[in-house]
J.: 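I'd like to ask some things about the structure below.
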Amino acid sequence: MNRKICVVTGTRAEYGLLCGLMKKIKDDPDLDLQVIATGAHLSPEFGLTYREIEKDGFKIDEKIEMLLSSDTATGITKSMGVELVSFADALNRLKPDIVAVLGDRYEILISAIAAMIARIPVAHISGGDITEGAIDDAIRHSVTKMSFLHFPSTEVYRRRIIQLGESPDRVFNVGALGLDNVKNLKLLSREEFEKATDFHLQKINFLITYHPVTLSSESVEMSFQNLLDALDFYPEAGLIFTQPNADSSGRIIYEMLKDYVSRNKNRAKLFQTLGQVRYLSAIQYVDAVIGNSSSGIMEVPAFFKPTVNIGVRQKGRIIPDSVICCDENKDAIKTAVDTALSESFKSSIKNQVNPYWNGGAAEKILSVLKNYELSADCLMKSFYNLEFDLE
């Protein structure tokens with residue numbers, strides 16, 4: 001009987017990382033792929049991106065509605081409750097052998113809880129990172145402790161998972177899954193990109209993704225306004241914005257974005273989602289990626305393009321040489337962007353080594369998912385103690 005691998009996805013960005021692995025699972029004659037789509041995938045506000053999953057040829061086995069019409073802490077917590085009830089039913093129907101999840105969002109936390117209670121092994125991709133500015137940090141480590149198999153993106157992150165008590169023989173440094181797409185996808189030419197986005201590239205262009213800093217005490221409006229004010233220093237630059245995640249206060253940023261783009265129609269455009277091909281193609285043609293998304297730290301350096309990483313949302317991650325970190329005030333952002341545009345900086349990163357590249361992450365994950373022995377009592381994990389005196 002084939003081993004059933006159930007992949008859970010809740011956002012456009014996470015699906016973009018998972019799709020290559022999902023294809024490999026689907027194509028393997030010894031595995032059966034199951035797909036659960038939840039979260040923003042099913043929301044018109046975020047582009048109904050479940051349709052992209054189906055367009056790519058995947059059957060969605062369960063669609064779990066859970067997003068309430070609120071991005072407050074109370075609304076998100078209630079959404080998580082709705083999701084947990086539905087996940088219990090979905091897993092009972094599908095009865096997978098492994099539930100595969102990626103990252104650190106609250107949708108993923110709920111899927112891991114449901115799988116743990118159902119005694120289904122969880123395979124966690126991209127654990128071991130640190131992002132001190134977001135609640136994602138606590139969620140990620142919680143999912144790690146509920147998981148059986150682990151696929152971190154660097155050796156530092158692998159050791160951190162072991163530090164959390166997970167046995168080294170279940171922790172595999174595979175590199176960043178998203179970098180497979182950089183290597184394998186056929187990206188668009190400049191002309192194809194402009195046609196696919198209906199956006200005319202300027203002499204200077206920026207790709208901007210900014211998400212709420214969910215643990216910050218600073219005003220979301222003030223922080224994001226500082227970024228918009230900094231962009232006004234570059235009136236001739238083309239601006240490609242992508243919509244923020246379905247996080248607390250995400251709608252505040254979205255409304256500010258719509259207003260800013262409406263006032264700068266000649267040079268700015270907002271996308272609910274670009275998809276992997278258009279997003280990665282955009283990186284080829286912009287002069288810098290600006291914001292606080294993890295893609296600026298992991299995927300963008302593969303193109304040897306500068307990233308301006310704003311604020312503390314990604315604080316704690318391993319930072320490649322091409323990433324310029326700055327505070328959330330307009331002068332600091334302008335200084336960082338000026339550095340990114342300088343010929344000296346662009347020249348300095350031409351030969352950088354990306355610490356997140358380990359070669360063929362999807363293939364490595366597939367091999368473990370397919371071949372790792374799942375005994376009847378495999379979930380009775382022993383806490384792995386590091387070699388020091390606990391007395």
Side-chain angles (χ1 to χ4, degrees), residues 1-12 14-38 41 49-64 87 89-103 108 111-112 114-116 118-127 143 147-153 167 169-186 275-277 280 357-379:
M1 183 179 294
N2 283 4
R3 180 173 284 186
K4 294 182 288 186
I5 310 297
C6 179
V7 176
V8 179
T9 174
T11 71
R12 68 190 191 274
E14 159 210 86
Y15 167 69
L17 303 178
L18 285 167
C19 60
L21 173 62
M22 290 166 61
K23 186 177 188 306
K24 289 183 181 296
I25 295 171
K26 179 185 175 185
D27 293 344
D28 193 298
D30 298 321
L31 297 174
D32 289 336
L33 173 67
Q34 299 174 330
V35 179
I36 296 179
T38 186
H41 280 309
T49 48
Y50 77 86
R51 295 183 295 198
E52 295 299 314
I53 302 174
E54 294 177 334
K55 183 180 176 183
D56 287 341
F58 297 111
K59 173 193 172 188
I60 299 176
D61 297 273
E62 297 279 350
K63 295 175 183 175
I64 295 180
F87 252 100
D89 291 333
L91 294 179
N92 186 51
R93 285 189 291 267
L94 295 176
K95 293 180 169 53
D97 296 298
I98 297 174
V99 171
V101 300
L102 184 147
I108 298 310
S111 66
M116 177 187 65
R119 292 181 291 182
I120 301 169
V122 175
H124 185 207
I125 302 165
S126 294
V143 173
S147 299
F148 180 69
L149 298 172
H150 307 274
F151 301 101
S153 57
S167 177
D169 67 355
R170 294 185 283 104
V171 188
F172 305 88
N173 173 16
V174 298
L177 190 55
L179 292 179
D180 283 10
N181 292 333
V182 177
K183 301 292 181 180
N184 298 330
L185 287 178
K186 184 179 185 300
Q276 280 293 291
V277 171
L280 294 176
W357 172 249
N358 200 10
E363 195 66 45
K364 293 175 182 177
I365 295 170
L366 178 78
S367 178
V368 177
L369 294 178
K370 181 176 179 178
N371 299 308
Y372 199 96
E373 182 179 351
L374 301 176
S375 62
D377 60 352
C378 67
L379 295 183

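Computed from a prediction, not measured in an experiment: that's the story for all the values here.
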J.: State, to 0.1 Å, how close Asn2 and Pro29 come at their nearest heavy-atom pair, and which atoms those are.
T.: ND2-O, 3.0 Å

J.: Mind checking side chain to side chain donor-acceptor pair (under 3.5 Å) for Gln34 and listing every partner two or more places apart, or none if nothing turns up?
T.: none

J.: For a side-chain contact (heavy atoms from CB on, under 4.5 Å) with Ile125, tell me which candidate from Val174, Val7, Leu18, Val101 qualifies.
T.: Leu18

J.: Between Asn181 (side chain) and Gly20 (backbone), is there a donor-acceptor pair under 3.5 Å?
T.: no

J.: Hey, does Asn92 have a side-chain heavy atom less than 4.5 Å from the side chain of Phe87?
T.: no

J.: Search all heavy atoms of Ala90 against all heavy atoms of Ile64 and return the closest pair with its distance.
T.: CB-CD1, 3.9 Å

J.: Do you know which two heavy atoms are closest between Leu374 and Ile98, and how far apart they sit?
T.: CD1-CG1, 3.7 Å

J.: Any idea which heavy atoms bring Leu185 and Leu280 closest together, and the distance?
T.: CD1-CD1, 4.0 Å

J.: Does any non-hydrogen side-chain atom of Tyr372 lie less than 4.5 Å from one of Asp169?
T.: yes

J.: Under the rule for side chain to side chain donor-acceptor pair (under 3.5 Å), what residues qualify as partners of Lys26, not counting sequence neighbours?
T.: none

J.: Measure from the side-chain N and O atoms of Thr11 to the backbone N and O of Glu14, and report whether any donor-acceptor pair falls under 3.5 Å.
T.: yes

J.: What's the separation between atom CG in Leu17 and atom CD in Gln276, rounded to the nearest 0.5 Å?
T.: 6.0 Å

J.: Any carboxylate oxygen within less than 4.0 angstrom of a Lys/Arg side-chain nitrogen, looking at Glu52 and Arg12?
T.: no

J.: Which pair of heavy atoms, one from Leu33 and one from Met22, lies closest together, and at what distance?
T.: CD2-O, 3.6 Å

J.: List the steps and the verdict of side-chain contact (heavy atoms from CB on, under 4.5 Å) for Leu91 and Ile36.
T.: CA-CA 9 Å; Leu91 294 179; Ile36 296 179; 4.2 Å; yes

J.: Taking atom CD1 of Ile60 and atom CD of Glu54, what is their separation to the nearest 0.5 Å?
T.: 4.0 Å

J.: Please identify each residue that fulfils side chain to side chain donor-acceptor pair (under 3.5 Å) with Asp89, with sequence neighbours left out.
T.: none

J.: What residues, two or more places apart in sequence or in another chain, satisfy side chain to side chain donor-acceptor pair (under 3.5 Å) together with Thr49?
T.: His41

J.: With side-chain contact (heavy atoms from CB on, under 4.5 Å) as the test, would you mind laying out the steps for Tyr15 and Asp56 before giving the verdict?
T.: CA-CA 11 Å; Tyr15 167 69; Asp56 287 341; 2.5 Å; yes

J.: Taking all non-hydrogen atoms of both residues, which atom of Leu94 and which atom of Glu62 are closest, and how far apart?
T.: CD1-CG, 3.7 Å

J.: Please determine which of Leu177, Leu369, Leu102 meets the side-chain contact (heavy atoms from CB on, under 4.5 Å) test together with Phe151.
T.: Leu369

J.: Are there over 12 heavy-atom neighbours, none belonging to Lys63, within less than 6.0 Å of that residue's NZ?
T.: yes

J.: Who passes ring-ring contact (aromatic ring centres under 6.0 Å, His included) against Phe58, sequence neighbours left out?
T.: none

J.: Heavy-atom distance under 4.5 Å between the side chains of Leu149 and Phe172, does that happen here?
T.: yes

J.: Name every donor-acceptor pair, under 3.5 Å, that has one atom in a side chain of residues 359-368 and the other anywhere in the protein, sequence neighbours excluded.
T.:
{"residue": "Glu363", "atom": "OE1", "partner": "Lys24", "partner atom": "NZ", "Å": "3.1"}
{"residue": "Lys364", "atom": "NZ", "partner": "Asn358", "partner atom": "O", "Å": "2.6"}
{"residue": "Lys364", "atom": "NZ", "partner": "Gly359", "partner atom": "O", "Å": "3.2"}

J.: Please round to the nearest 0.5 Å and tell me the distance separating atom CG of Asp30 and atom CD1 of Ile25.
T.: 13.0 Å

J.: Within the supplied structure, the quantity of interest is the number of heavy atoms (other residues, nucleotides, ligands) at a distance under 6.0 Å from Arg93 CZ; does it exceed 12?
T.: yes

